[in-house]
Every structure is written in C-alpha cells, then in structure tokens.
2 protein chains.
Amino acid sequence: MSKTEDEKNNHEECQKLMLPVRDALDVISGKWKILILISLMQGNSRFREIERSIPRITSKVLSNELKTLEEHKLIKRTVYDDYPVRIEYSLTEYASTLEKVVNELQIWGINHRKKILEEG
Amino acid sequence: MSKTEDEKNNHEECQKLMLPVRDALDVISGKWKILILISLMQGNSRFREIERSIPRITSKVLSNELKTLEEHKLIKRTVYDDYPVRIEYSLTEYASTLEKVVNELQIWGINHRKKILEEG
DNA sequence: GTAAGCAGTTTCCTAAAGGTAAGCAGGATG
DNA sequence: CATCCTGCTTACCTTTAGGAAACTGCTTAC
C-alpha cells in the first residue's frame, strides 16, 4: 500500500471515530449542561433549587440551558396544576444513557485534580 | 432535619460532584481537543498529518490546541534533529487515563446519532 | 529555478457563549 | 400593605473561541 493510500485509510478511520464524538459534544458541551444534569441526578427539580445548587449560574443561563436540554430529550419540564402552579424538571430515561459519560468525567476530574495538586 | 438544612446538604453533595467535572471540562472542552487526541491515538504524529486528519481544522487552531494539550501534560512535542528537523507529537502516558472518557463519549455519540436518525 | 511540502505565525474578523442587572406577574407570608 | 418567594424574560455588554487568509523560513523534489 502506498503512503498516501495509507494516510487516506487512516483519515477515514479517524473520521469514523470523530463523528460520534462531535455529535456528543454538540449535546453536552458548554460550561453548564453537565452540572445541571448532576444537580437533577442529585434530586433537585425546582428552578430555584437547581439554580442555588450550581454556584455562579444565573437565571438566564439556567433557563436557556434547560430549554436546550429539553430539546435534546435529556430532561422533561412538567407543570403541576396545583395551587400555586408548581414546575418541576426531571431527567428522562434517555438521560440515564449519559450516566457513564458523566461518571468517567467525574473520575477523571478527581484524579486530575489530585495530579495537579501533587505537582504544584 | 429542616428543609433548608436538607437543601444545604444536597448542595454540598452537588458541589462535591461538580468540582471534578469542572476540572475535567477545563482540560478537554472545546471543539477540537478530543478530536486531536483521537488523531494521535490513531497513530498520526506530524503536524500536517494531524491537520489533514481532522476535517476543517486550521493551522492556527491546531497549533494553539497542541500547545494547551502539552501544557496539560496530555501530549509531548519532540524535535528530532534529523536533517531536516522532524517534529512529532505523541500522547503521554497520562493521556491514556482519558481513554475511558473518550470511549464513553464515542459510544454515547453513536447511539445518539442512531436515536436522532430513527426519530427524524 | 520554481513549485510544493514542512511547521507553524500573524493579523484581522465574526459569532456565540456567557455575564450583569433589572424587572415582572402571580402567590404567600408577616 | 410591604416584602419575599417562584419561574422566569429582557436588554445590554464583554469575553472567548474559532475561522480566513496570507505569509515566513527552511527543505526537497522535479
């Protein structure tokens, strides 16, 4: 096999691996989305509750992020017609497929912090 | 336990989970970093080779991302004093700790794409 | 001797993400 | 009746990421 053919094959293989990662990043990238999911995983469900559980997030950002997470079918917004109306956010079943990703990210983050502190 | 106390505990627990994720995101967030790591995992090592393997990346962006990946100890830049000088990038051992994260992201991305296509 | 490859850099620009601060409608609380 | 809570929205502004294009110095291949 020629060198250029070799490179072509390599690049095709690369693409095959990169495409899904791009798809995934489209959905969960950004400073806040995963943190919001974690908050929901921890049992928070009301807007202000979630807001308070995430340091330095603002209403505006939270509101926007919740909307796009809903569009991506990761969370559900439910309006309960109690008096007064109660609004609750919850994870969908689909969101549970993300648990492994979040978990691995957490584990890696913990070790990374350890590494940084060790080295100074 | 009072309700506010309960919330306080919940928030502390949240923080404990969110902090490492933030740390991780600091290192690997952005449109290109993981793709670059994948390219290296696939055996690419020269600047132009990596550049060609990642569709639509530009020299400038690649150059910057390689620098920050090096700062974070995920890759190594080696200058071989051949004639002409050859420069190679490679993954560090530390980078291998990220493999699980990348893998889970890939798996999730594949399923997500499937889901989207099914639903239209 | 000119074109092409290597490993980038430089400058300039745009778009998107995110932050600040304030406000609003409805209900509850003292 | 004043203030606080809820679940947001609005307008504005700053910062950052990222893209386009050109260019550099060096080397090799035709």
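Naming convention: chains lettered A, B, ... in sequence-line order (proteins, then strands); numbering from 1 in each chain. Hydrogens, waters and symmetry mates play no part in the numbers below; they use all other heavy atoms, side chains included. These numbers were taken from a predicted model, which means no experiment stands behind them.
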Nucleotide D:dA17, atom C1' - distance to CG of A:L25 in whole Å: 14 Å
Whole-Å distance separating the CD1 atom of B:I36 from the C1' atom of D:dA17: 13 Å
Where DNA chain D forms runs of at least three Watson-Crick or G-U pairs (i with j, i+1 with j-1, under 3.5 Å), the stems are C:1-30 with D:1-30
With sequence neighbours excluded, residues passing side chain to side chain contact (heavy atoms under 4.5 Å, CB included) with B:S96: B:E99
Nearest-nucleotide wise, let me know which of A:P84 and A:I57 is further upstream toward the 5' end of DNA chain C. A:I57
To the nearest angstrom, the CG-C1' distance between A:L62 and D:dT9 comes to 13 Å
Rounded distance in Å - CD (A:E7) to C1' (C:dC6): 13 Å
Please identify each residue that fulfils side chain to side chain contact (heavy atoms under 4.5 Å, CB included) with A:E118, with sequence neighbours left out. A:K114
What string of B, S and - do you get for nucleotides 7-17 of chain C 5' to 3' if you count protein non-hydrogen atoms under 4.0 Å? BBBBBB-----
A:K60 meets the side chain to side chain contact (heavy atoms under 4.5 Å, CB included) criterion, sequence neighbours left out, with A:T58, A:N64
Cut-off 3.5 Å, no hydrogens considered: what does the side-chain donor-acceptor table look like for residues 25-33 of chain B, sequence neighbours left out?
residue: B:S29; atom: OG; partner: B:L25; partner atom: O; Å: 2.9
residue: B:K33; atom: NZ; partner: B:S29; partner atom: O; Å: 2.8

Atom-pair distance (OH on B:Y83; P on D:dG25), nearest Å: 16 Å
Atom pair distance, as rounded to whole Å: CZ in B:R56 and C1' in D:dG19: 12 Å
Under the side chain to side chain donor-acceptor pair (under 3.5 Å) test, residues paired with A:E7 that sit two or more places apart: A:H11, B:R52
Do B:S53 and B:Q42 meet the criterion of a side-chain donor-acceptor pair at a distance under 3.5 Å? no
Partners passing side chain to side chain contact (heavy atoms under 4.5 Å, CB included) against B:I116 (at least two apart in sequence or in another chain): B:H112
Tell me the interatomic distance from B:D81, atom CG, to C:dC6, atom P, rounded to whole angstroms. 19 Å
Tell me, which pairs form a salt bridge (charged side-chain N to carboxylate O under 4.0 Å, His left out) where one or both residues lie in residues 12-23 of chain B, sequence neighbours left out? A:R113-B:D23, B:E13-B:K16
CG of A:D82 versus P of D:dT6: gap in Å, rounded? 15 Å
A:S45 and A:S90: side chain donor to acceptor below 3.5 Å: no
